[in-house]
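The next block holds one structure in the form of C-alpha cells; read it before the comments.
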Amino acid sequence: MAIDHDIALVDAGGNQLAKVRISDDAAGFTQLTDLLTEHGDSQAAPIPVAIETSRGLLVACLRATGRLAFAINPMAVARYRDRHSVARKKSDAVDAAALANILRTDMAAHRPLPTDSELVQAIAVLARAQQDAVWARGQAHNKLRSQLREFYPAILDAFAQHKHGLCSREARTILAAAPTPTMAAKLTRRRLQTLLKQAGRVRGIQADAERLHEVFNCDCLHQLPQVETALGLQTSALLRQLNTACDNADQLEEAVTQAFERHPDAPVIRSFPGLAALTGARILAEIGDDRARFANAGSLKAYAGSAPVTRASGKSCKVMSRKVKNQRLAAVGYVWAFISLTRSPGARAHYDRRRAAGDRHVAAQRNLFNRFMGMLFHCLHNGHTYDETIAFPQPSDGHVAAAA
C-alpha cells in the first residue's frame, strides 16, 4: 500500500510558502529536496525538517543530507494544533503545518535526531532486534512450559536445575525426539546418550543419561492416549517456535557483538563493571556516538530514566521515578547495575548505603545506575576508561563520605 506525506513549508513570520503531498519513494524525496532548494535550502544553511517519526526511509534520507531533523511526538503535535483551532479538526495537512510552526516558534525546546555514525546505527538495529528476539524466546518458552505442565511434567523435572531450562539444547533435542511422556519412557539409556551428544554435550553424558532415564520412567499421571498424542503434536509445534526464537537470539547476539567490538567506544564501555559485549552494545545502541546529543550528564540520566522527577506545587513536593524514558536503555541499565554488585566493591557499597537509607531494591538499583550513567558520560567525552578508585573513592581517615 502506497504511503504519502503531507509537506508544509513556512517562513519566519509563519506564512505558508508551500503545501504539497509527496509519495514515500525516491521520486517523492526528490520532489521534497527540489521544493526546499526552491525556497533557499543550501548545504551551508539547510532548512530544518520536523516529522512525527524517527524511522523510515524518508527520515534516513533526510538525516543523510546533514540537515537538522526533529522527531516530534504526535501528542505534542496535537497540543500545538489546539493553539490554532478549537474545532478539533484533524488532517495530515493541518498536522504538517503544525509541525512546521513548532520549529518556527519552539525549535530550541526540541531535540534534533542525533548524527550518529553508520556503524552505531547498524549496532542499534542489531541490538534492538536481538533484544526483541530474547523477549520472543521468553514468550515461546513460557507457552511451551505451560503446555508441558498439562501433561508432561517429567520433562520439566528433568531440566529444572539446568541453567537454561527448556531453552537448553539438551532439553530441546530430547523433547523433539520424545514430545510425549509415553515416548520419553521408551527412550533407552543408549538413545539418551546419543541425544545428549547431538545436543553438544561432551562431559557427564553417561551419568546424565542414567538420571534422565530414571526421571522419565517414574510413575506419573497420564492423559488419555489420543489426547496425549494430540498434545504431543501441539508441543512439537510450540517447540519449533522456541527453536526459531533461540536461533534468532543466538545469531543476532553474535552479529551485534562483532559490530560492537569494531566501534571505538567499545573499550570505554566494556571497562565498566557489569558490562560485557552484548549489554555494552545495547547501551551504545541507545545513546549513540553523537557527543552533542546530550548537553550534560543530567540529560543522559533523564533519557535513561535513572534521574528522578520532582513534582512541586504549593506545599506539596514529591520525588518520583521517571516514567517517560528510553525503555530499552532502562531495561539494560537494571541488568548492568545488578551484575555490577558482584563485580565492583564500590558499587556494592553504594547499593548497601542506599538500602540502609531506606531505599527499596529497585530504587537502590536505579540510583546506582544513575551514578554509572554520569560516569559513562564523563568517560566517553574524555576518552577515559573506568577507574574504580575514582568512581567510588574510599573515605579518608576521620572523614565521612557521602554519595547522592
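Side chains are part of it too, since the values below use all heavy atoms of this structure and drop only hydrogens, waters and symmetry mates.
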Without hydrogens or angle criteria, can the side chains of [X] and [Y] be said to hold a donor-acceptor pair below 3.5 Å?
| X | Y | value |
| --- | --- | --- |
| Thr53 | Arg55 | no |
| Gln206 | Arg189 | no |
| Thr115 | Asp290 | yes |

With rounding to the nearest 0.5 Å, note down the distance linking [atom1] in [X] to [atom2] in [Y].
| X | Y | atom1 | atom2 | value |
| --- | --- | --- | --- | --- |
| Gln147 | Asn142 | CD | CG | 13.5 Å |
| Leu166 | Leu239 | CG | CG | 9.0 Å |
| Asn370 | Lys301 | CG | NZ | 4.5 Å |
| Gln365 | Asn367 | CD | CG | 10.5 Å |
| Asp34 | His39 | CG | NE2 | 12.0 Å |
| Glu170 | Leu196 | CD | CG | 6.5 Å |

Please find the pair of heavy atoms, one from [X] and one from [Y], that lie closest to each other, and give the distance.
| X | Y | value |
| --- | --- | --- |
| Ala259 | Ile123 | O-CD1, 3.7 Å |
| Arg128 | Ala285 | NH2-O, 3.7 Å |
| Ala364 | Arg354 | CB-CB, 3.8 Å |
| Ser168 | Phe159 | OG-CD2, 4.2 Å |
| Arg291 | His381 | O-CE1, 3.2 Å |

Main-chain N/O of [Y] paired to [X] side chain as donor or acceptor, under 3.5 Å:
| X | Y | answer |
| --- | --- | --- |
| Thr194 | Arg190 | yes |
| Thr180 | Met183 | yes |
| Asn248 | Thr244 | yes |
| Thr257 | Glu253 | yes |
| Thr173 | Arg169 | yes |
| Glu388 | Pro273 | no |

Please examine the side chains of [Y] and [X], heavy atoms only from C-beta on, and report whether any two atoms are closer than 4.5 Å.
| X | Y | value |
| --- | --- | --- |
| His213 | Val215 | no |
| Ser117 | Val120 | yes |
| Phe151 | Thr235 | yes |
| Pro48 | Arg67 | no |
| Phe216 | Ile174 | yes |
| Thr65 | Pro46 | no |
| Ile22 | Leu35 | no |
| Tyr152 | Glu228 | no |

Whether [Y] and [X] form a salt bridge (side-chain N of Lys/Arg under 4.0 Å from carboxylate O of Asp/Glu) is what I want to check.
| X | Y | answer |
| --- | --- | --- |
| Arg348 | Asp352 | yes |
| Asp132 | Arg328 | yes |
| Arg366 | Asp359 | no |

(request) Could you go through the side-chain hydrogen bond (donor to acceptor under 3.5 Å, both in side chains) check for Asn101 and Arg104 one step at a time? (result) CA-CA 5 Å; Asn101 281 293; Arg104 181 179 65 86; 2.9 Å; yes

Mutual orientation of the aromatic rings belonging to [X] and [Y] [parallel < 30°, tilted 30-60°, perpendicular > 60°]:
| X | Y | result |
| --- | --- | --- |
| His350 | Phe392 | tilted |
| Phe272 | Tyr386 | tilted |
| His110 | Tyr80 | tilted |
| His162 | His164 | tilted |

(request) Answer yes if the ring centres of Tyr303 and Phe294 are under 6.0 angstrom apart, and no otherwise. (result) yes

(message) Set out, in order, the CA-CA distance, both residues' side-chain angles and the distance that settles side chain to side chain contact (heavy atoms under 4.5 Å, CB included) for Val324 and Val309, then state yes or no.
(response) CA-CA 10 Å; Val324 180; Val309 174; over 6 Å; no

(request) Run through Leu380, Leu284, Asn382 and flag the one making a side chain to side chain contact (heavy atoms under 4.5 Å, CB included) with Val268. (result) Leu380

(request) Going by the side chain to side chain contact (heavy atoms under 4.5 Å, CB included) test, name the single residue among Leu376, Asp116, Asp265 that passes it with Ile287. (result) Leu376

(request) Go through the structure and list residues passing ring pair (Phe, Tyr, Trp, His ring centres under 6.0 Å) with Phe29, not counting sequence neighbours. (result) none

(request) Applying side-chain hydrogen bond (donor to acceptor under 3.5 Å, both in side chains), run through Asn296 and Ser299 and close with a yes or a no. (result) CA-CA 5 Å; Asn296 49 50; Ser299 299; 3.1 Å; yes

